[in-house]
Amino acid sequence: MKVILGIDPGLAAIGYGLIAFGNNRYQYLDHGVIHTEAHTPMGDRLVQIHQGINELIKKYQPHEAAIETLYFARNRKSAIAVAQARGVILFTLAQAGVTFGEYTPLQLKQAVVGRGRGRPDKAQVQEMIRVILGLATIPTPDHGADALAAAICHAGRSDLAQIISLAER
């Protein structure tokens, strides 16, 4: 089974979710949030994010990762801050040799809930994460649950890519 690290990028709260995937089976490993404090200088917050992601990589040794793309532009200041945090996350993954996929929020929702259901709401997504991973309760907090959705999405897509690659040989 391969270990996949899902990441919901942010500046104040970076969600992470870890699953193992193989033989079309999912196994829950961990999820949570890396927090940075609002009144901490930006450079220090980015270092904290780097260190937090590095600790997860060292502890779980993921084979691959998945990260949600940015999707908002209403508040340019917060969009720039999240983009900076996202850049540090991508750098940390690349530095550790962890390949990653990037997915839109809609791709994540559809990967978990399925296509043809319009735009699933957060409650539907969280319930399906619970079912897919065999959890007793819905995963919280939201950022951690979103990161689990990223990991599930990537598992399905990377498995499909592997099947297509084998078929082309």
Side-chain angles (χ1 to χ4, degrees), residues 1-36 49 52-53 56-57 60 62-76 78-90 92-93 98-165:
M1 292 185 83
K2 66 181 167 185
V3 175
I4 300 171
L5 168 61
I7 301 171
D8 178 31
L11 181 61
I14 301 86
Y16 66 87
L18 287 126
I19 64 169
F21 180 76
N23 298 322
N24 210 27
R25 298 185 72 170
Y26 297 91
Q27 179 184 348
Y28 169 82
L29 299 176
D30 193 10
H31 79 284
V33 175
I34 299 166
H35 292 281
T36 68
I49 293 167
I53 298 295
L56 291 170
I57 291 169
Y60 292 100
H63 298 95
E64 299 173 10
I67 187 166
E68 187 174 332
T69 60
L70 295 180
Y71 64 96
F72 57 86
R74 281 178 267 176
N75 183 334
R76 287 185 188 182
S78 65
I80 290 169
V82 172
Q84 290 173 320
R86 196 171 178 281
V88 166
I89 294 165
L90 295 178
T92 305
L93 293 170
V98 179
T99 59
F100 59 87
E102 300 176 71
Y103 306 98
T104 67
L106 183 58
Q107 286 175 312
L108 300 181
K109 290 176 181 178
Q110 288 179 336
V112 172
V113 176
R115 299 189 186 280
R117 290 182 170 76
R119 293 189 175 262
D121 64 27
K122 194 167 278 292
Q124 287 174 301
V125 173
Q126 290 175 336
E127 174 60 17
M128 284 307 299
I129 291 168
R130 184 192 73 74
V131 170
I132 290 168
L133 297 178
L135 303 174
T137 60
I138 289 175
T140 58
D142 289 352
H143 295 296
D146 290 347
L148 286 170
I152 291 167
C153 176
H154 185 77
R157 288 177 180 254
S158 65
D159 202 43
L160 179 61
Q162 185 177 6
I163 291 167
I164 291 169
S165 174

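Only this structure's heavy atoms are used, side chains among them; waters, hydrogens and symmetry mates stay out.
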Check the pair E68 / Y103 against side-chain contact (heavy atoms from CB on, under 4.5 Å), numbers first and verdict last.
CA-CA 5 Å; E68 187 174 332; Y103 306 98; over 6 Å; no
Taking all atoms of both residues into account, what is the closest heavy-atom pair of T104 and T69, and its distance?
CA-OG1, 3.3 Å
In the structure I gave you, are the side-chain heavy atoms of L108 and D146 within less than 4.5 Å of one another anywhere?
no
Report yes if some heavy atom in the side chain of I7 is under 4.5 Å from a heavy atom in the side chain of R86; otherwise report no.
no
Which residues satisfy the ring pair (Phe, Tyr, Trp, His ring centres under 6.0 Å) test with Y60, sequence neighbours excluded?
none
Tightest non-hydrogen contact, residues A13 and V33, listed as CB-CG1, 3.6 Å
Locate the shortest heavy-atom distance separating H63 from K2; write the atom from each residue and the value.
ND1-CA, 3.2 Å
Could you tell me which residues satisfy side-chain contact (heavy atoms from CB on, under 4.5 Å) with A111, sequence neighbours excluded, listed by chain and number?
C153
Is there a side-chain contact between I4 and L18 in this structure, where contact means two heavy atoms from C-beta onward sitting under 4.5 Å apart?
no
So NZ of K122 and CD1 of I129: to nearest 0.5 Å the spacing works out to 8.5 Å
Show me the donor-acceptor pairs, under 3.5 Å and distance only, between side chains in residues 134-143 and residues at least two apart or in other chains.
from: D142; atom 1: OD1; to: Q126; atom 2: NE2; distance (Å): 2.8
from: H143; atom 1: ND1; to: D8; atom 2: OD2; distance (Å): 2.9

What heavy-atom pair brings A150 and G6 nearest, and what distance separates the two atoms?
CB-CA, 4.1 Å
Drop me the distance from T92's OG1 to I49's CD1, to the nearest 0.5 angstrom.
9.0 Å
Here the pair of heavy atoms bringing G17 nearest to A151 is O-CB, 4.1 Å
For residues V82 and P9, report the shortest heavy-atom separation together with the two atoms involved.
CG1-O, 4.2 Å
Quick one: list whatever passes ring pair (Phe, Tyr, Trp, His ring centres under 6.0 Å) with F100, sequence neighbours left out.
none
So, taking the atom named CD in Q27 and the one named CE in M1, what distance separates them when rounded to the nearest 0.5 Å?
5.0 Å
Is there a side-chain contact between L5 and I19 in this structure, where contact means two heavy atoms from C-beta onward sitting under 4.5 Å apart?
no
Give a yes or no on whether the ring-centroid distance for Y16 and H31 is below 6.0 angstrom.
no
How would you list, by chain and number, every residue that makes a side-chain hydrogen bond (donor to acceptor under 3.5 Å, both in side chains) with D121, sequence neighbours excluded?
none
Tell me, which pairs form a salt bridge (charged side-chain N to carboxylate O under 4.0 Å, His left out) where one or both residues lie in residues 129-138, sequence neighbours left out?
E127-R130
Is there side-chain contact between L148 and I132, with at least one heavy-atom pair below 4.5 Å?
no
